[in-house]
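A short worksheet on the structure shown next.
None of the values given here were measured: they were computed from a predicted structure. Count residues from 1 along the sequence. When reading the values below, keep in mind they use all heavy atoms of this one structure, side chains included, and skip hydrogens, waters and symmetry mates.
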Amino acid sequence: MYYNRVIPCLLIDGHKLIKTIKFKKENYIGDPVNAVRIFNQKTVDELIVISYKLSSKRQKPDFPYIKELSEQCFMPMAYGGGINTLSDIRKLFSIGIEKVVLNTMAFENPADVRKAVKFFGAQSITGAMDVKRNIVGKYTVRINRGKHNTNILPSCYARYLQKIGVGEIFLNNISNDGMMQGYDLDMIKEVTKSVNIPVTVCGGAGKIEDLQKALYKSNANAVAAGSLFVYYGNRDSILINYPDIQYKNG
């Protein structure tokens, strides 16, 4: 039986675990290492960790700290943020990361992404796309922490990512980030039907039913969320949590 993945997505700023609303309004959550240890106890499928400010600042990943996180992580861990070269990718794999999530690098340097796929295998390379609605409600792909508008439609960019060889797409909705009002299922459908590689979706989950809808009504292969797994209630208090196993297959 096909097994759907339910993935916590942790945003880090330095050594701080944070949560944003539409990539703004940062809220300090706590210690990332402590969050990883809690997720270890909750039989989490896998974990995505994003240092979301590094690409816009053109800074390298904090490899010693990422190694510390990976050593504490008992489930597969994906990492994104500040990855710009094949050397960065190689070093991340050497310290225990199982997947790299490439955003700005995939847009600016597809030749090296192809090389990474050849060297390390497509299954270990995820192409990320941050999307945002404009004033007329049309989604376009953004890079550099959402600051630069590529003016490319999500479905077109998804086909581009598939063409350069990535094994999976991480689709993150900036407009829904932290809102906890559900995923944009129509937009997700446009992306999933345009490619034949797995698509993990993130941005908007506020309850278990939102995860189920994304999996069964938009053909997403996996669901990721931040606020749902770090807040109790509607951002009333901080509580690292994860749904019971029976929810994962509807």
Show your reasoning for whether side chain to side chain contact (heavy atoms under 4.5 Å, CB included) applies to I240 and F39.
-> CA-CA 8 Å; I240 304 297; F39 284 129; 3.6 Å; yes
hydrophobic_cluster_shared for [Y] and [X], side chain cutoff 4.5 Å:
X    : Y    : answer
Y183 : I174 : no
M105 : F119 : yes
F23  : L17  : no
F74  : Y65  : no
I197 : F120 : yes

Would you give the length of the straight line joining atom [atom1] of [X] to atom [atom2] of [Y], rounded to the nearest 0.5 angstrom?
X    : Y    : atom1 : atom2 : answer
T126 : E168 : OG1   : CD    : 4.5 Å
C9   : L228 : SG    : CG    : 12.5 Å
Y231 : N241 : OH    : CG    : 12.0 Å
Y79  : F63  : OH    : CZ    : 7.5 Å
N27  : I21  : CG    : CD1   : 8.0 Å
Y157 : D130 : OH    : CG    : 9.5 Å

Side chains of [X] and [Y] in contact at under 4.5 Å (non-hydrogen atoms):
X    : Y    : value
I95  : I66  : yes
V113 : L102 : yes
S155 : R159 : yes
L161 : M129 : yes
K25  : T20  : no
Y160 : I152 : no
M75  : N40  : yes
V223 : D210 : no

Measure from NZ or CZ of R145 to the centre of the six-membered ring of Y52, then state whether that distance is under 6.0 Å and the direction lies within 45° of the axis.
-> yes
Between Y242 and K42, is there a cation-pi geometry (under 6.0 Å to ring centre, at most 45° from the normal)?
-> no
Is it true that [X] and [Y] make a salt bridge, defined as a side-chain N closer than 4.0 Å to a carboxylate O?
X    : Y    : result
E26  : K16  : no
D184 : R133 : yes
D177 : K19  : yes

Show your working on side chain to side chain contact (heavy atoms under 4.5 Å, CB included) between I50 and I12 and close with a plain yes or no.
-> CA-CA 6 Å; I50 304 290; I12 61 173; over 6 Å; no
Going by distance alone, is a donor N or O of one side chain under 3.5 Å from an acceptor N or O of the other, for [X] and [Y]?
X    : Y    : result
N149 : T140 : yes
N4   : Y216 : yes
H15  : D62  : yes
Y139 : N173 : yes

If you draw a 6.0 Å radius around NZ in K138, do more than 12 non-hydrogen atoms from other residues or ligands fall strictly inside?
-> no
Has K60 got more than 12 heavy atoms of other residues, nucleotides or ligands less than 6.0 Å from its NZ?
-> yes
For D112, which of L86, I89, N84 qualifies under side chain to side chain contact (heavy atoms under 4.5 Å, CB included)?
-> L86
Tested for side chain to side chain contact (heavy atoms under 4.5 Å, CB included) against T192, the lone hit among V195, I188, N196 is I188
If every non-hydrogen atom of L211 is compared with every non-hydrogen atom of A205, which pair is closest and at what distance?
-> CD2-CB, 3.9 Å
Could you pull out the closest heavy-atom pair between V141 and P154, with the gap in Å?
-> CG2-CA, 4.0 Å
Please step through salt bridge (Lys or Arg N to Asp or Glu O under 4.0 Å) for the pair D88 and K91, ending with a clear verdict.
-> CA-CA 5 Å; D88 293 338; K91 190 163 186 178; over 6 Å; no
Could you check M77 against E98 for side chain to side chain contact (heavy atoms under 4.5 Å, CB included), going step by step and ending with a plain yes or no?
-> CA-CA 6 Å; M77 177 175 159; E98 300 206 9; 5.9 Å; no
Could you go through the side chain to side chain contact (heavy atoms under 4.5 Å, CB included) check for K22 and M179 one step at a time?
-> CA-CA 8 Å; K22 297 185 177 182; M179 300 302 291; 3.8 Å; yes
